[in-house]
Amino acid sequence: MDLSRELETANALARTAGEKILEYYALEIIAEQKRGVDNFSEPVTIADRTASRIIVEGLTAAFPGDAVLSEEEADVMETRLEAEKVWMIDPIDGTWGFLKKDGDFGVQIGLTERGEAVLGVVFLPVHDELFYAAKGAGAFLQKGDGEPEPLRVSDITDFTRMNLASSRNHRSPKMHRIIEEFGFPREIQRGSVGLKVGLIARREADIYIHLSPRTKFWDSCAPQVILEEAGGRMTDLFGSPLRYDLHDVQNHNGILASNGAAHEAAVLNLRPLLNEFGRLRAKSRG
């Protein structure tokens, strides 16, 4: 599978969108509230919408036969479900980090083929760091104009030696119980999903547990490919694969991302805790 043209295009669009986002980031940021697909209110800014337009228009022009799903655009479900390839875009993953101006946000562009994530780009504009990967071609991090560095996860399997990446802005109080049970020595709290998964790909963290059922396809698609091409794994909390060819774009069963070596053990360790929390596996809404 040669996705070099798709990857080159996505990398360029992520950088272009990131440059525009930084222009807004330097100004006073005014947020509106929007009602998401899960019926919860969440913030949105003109930067989100402008970045989305840049990416959607660029991908549509370059790959007119592909479908596009963006957080900030209407989901044309019939087109999306019929297309062999579907782009998944989060123009600003970590809008709270953008609003707080703490740098914890990224541009995410993913591509799926027949429901499977095959390409991922995560660009962190404030840090000028570009994570990218295509299935079978490895994962890389480019800092500024430097040479791309190959990414490889850790091989640690002892939970008492593993660093946990967790959410800074949507942190569940149940995370204290998970840390206690697993024995994680260190917790790194950061904003966007892509940023936290990037910590695993670059060996600063080893595992990420996202209990919330509220992430969407555009949150997980791009980071998943980057992590898996770096040797890690991403599934739902119950160890089942993430699928991107469903009517419902919500990851109802949460996210478990790891270095891969400890993934199965993490699924087993989580099982009694999920029972304790009353968390039952949601049926897929295909």
Side-chain angles (χ1 to χ4, degrees), residues 14-15 17-22 24-26 29-34 36 38 40-49 51-52 55 70-72 88-110 120-132 141 143 151 163-176 178-179 184 186-224 226-227 232 234 251 254-258:
R15 286 191 179 278
E19 289 171 7
K20 178 58 68 173
I21 289 167
L22 287 179
Y24 289 109
Y25 191 66
I29 302 169
I30 300 173
E32 305 168 27
Q33 290 296 314
K34 68 173 181 179
D38 53 9
F40 282 85
S41 290
E42 50 195 19
V44 63
T45 70
I46 188 173
D48 295 84
R49 296 191 175 111
S52 180
I55 299 167
S70 170
E71 179 177 11
E72 307 306 336
M88 308 272 172
I89 301 159
D90 193 342
I92 301 182
D93 181 49
T95 301
W96 282 113
F98 177 73
L99 292 172
K100 293 178 181 178
K101 297 197 175 188
D102 63 13
D104 268 14
F105 62 90
V107 179
Q108 298 194 168
I109 304 175
V121 172
V122 174
F123 180 54
L124 309 179
V126 170
H127 306 285
D128 197 7
E129 293 183 340
L130 180 72
F131 294 80
Y132 63 89
L141 168 60
K143 301 176 183 178
L151 293 166
N163 293 330
L164 170 72
S166 66
S167 297
R168 173 182 287 174
N169 299 307
H170 304 285
R171 192 176 190 284
S172 167
K174 297 181 178 69
M175 197 56 65
H176 290 295
I178 287 175
I179 291 171
F184 296 126
R186 183 177 175 225
E187 179 184 10
I188 306 171
Q189 293 181 315
R190 301 300 294 270
S192 89
V193 174
L195 198 153
K196 289 189 285 286
V197 171
L199 293 176
I200 302 174
R202 69 202 300 182
R203 298 192 186 196
E204 292 181 22
D206 308 284
I207 191 167
Y208 166 45
I209 300 169
H210 190 91
L211 294 173
S212 169
R214 292 189 55 210
T215 65
K216 319 298 191 303
F217 288 176
W218 48 75
D219 295 305
S220 56
C221 179
Q224 179 181 355
I226 294 166
L227 179 63
M234 183 186 288
N251 296 317
I255 294 172
L256 173 63
S258 79

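For the single chain, residues carry numbers from 1 onward in sequence order.
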Polar side-chain atom of Glu71 near backbone of Pro91 as donor-acceptor pair, under 3.5 Å | no

Side chain of Tyr24, backbone of Asp48: donor and acceptor closer than 3.5 Å?
-> no

About how many Å separate NE2 of His210 and CG of Leu256, when rounded to the nearest 0.5 Å?
-> 12.0 Å

Within a strict 4.5 Å, meaning less than it, do heavy atoms of the Phe217 and Asn251 side chains meet?
-> yes

Val122/Asp93 under side-chain contact (heavy atoms from CB on, under 4.5 Å): CA gap, chis, key distance, verdict = CA-CA 9 Å; Val122 174; Asp93 181 49; over 6 Å; no

Minimum heavy-atom distance between Lys101 and Ala26, given as atom pair plus value = NZ-C, 4.1 Å

Would you mind reporting whether Asp219 and Ile255 have side-chain heavy atoms less than 4.5 Å apart?
-> no

Indicate yes or no for a side-chain donor-acceptor contact from Lys216 to the backbone of Arg214 under 3.5 Å, with no hydrogens or angles considered.
-> yes

About how many Å separate CG of Leu164 and CD1 of Ile209, when rounded to the nearest 0.5 Å?
-> 5.5 Å

Identify the heavy atoms of Gln189 and Ser167 that sit nearest to each other, and give their distance.
-> NE2-O, 4.1 Å

Min side-chain heavy-atom separation Thr95-Val44 under 4.5 Å | no

About how many Å separate CD1 of Ile207 and CG of Asn163, when rounded to the nearest 0.5 Å?
-> 11.0 Å

Mark yes when over 12 heavy atoms from residues, nucleotides or ligands other than Leu22 sit less than 6.0 Å from its CG; otherwise mark no.
-> yes

How long is the gap from CD on Gln108 to CG on Leu124, to the nearest 0.5 Å?
-> 9.0 Å

Derivation and outcome, side-chain contact (heavy atoms from CB on, under 4.5 Å), residues Asp104 and Trp96 | CA-CA 8 Å; Asp104 268 14; Trp96 282 113; over 6 Å; no

Run the numbers on Val121 and Tyr132 for side-chain contact (heavy atoms from CB on, under 4.5 Å), then give the verdict.
-> CA-CA 4 Å; Val121 172; Tyr132 63 89; 4.1 Å; yes

From Tyr25 OH over to Ile92 CD1, what is the distance, rounded to the nearest 0.5 angstrom?
-> 10.5 Å

Distance col, row Ile109:CD1 vs Phe123:CZ, nearest 0.5 angstrom, shows 10.5 Å

Any Val193 side-chain heavy atom under 4.5 Å of Asp90 side chain | no

Return a table of donor-acceptor pairs under 3.5 angstrom between the side chains of residues 194-203 and protein atoms on other chains or two or more places apart.
from, atom 1, to, atom 2, distance (Å)
Lys196, NZ, Arg190, O, 3.3
Lys196, NZ, Gly191, O, 2.3
Lys196, NZ, Ser192, O, 3.3
Arg202, NE, Glu204, OE2, 3.4
Arg202, NH1, Glu129, OE1, 3.0
Arg202, NH2, Glu129, OE2, 3.3
Arg203, NE, Arg152, O, 2.9
Arg203, NE, Val153, O, 3.4

Do Val126 and Phe105 touch side chain to side chain, with heavy atoms closer than 4.5 Å?
-> yes

Is there a side-chain contact between Leu227 and Tyr208 (heavy atoms, below 4.5 Å)?
-> no

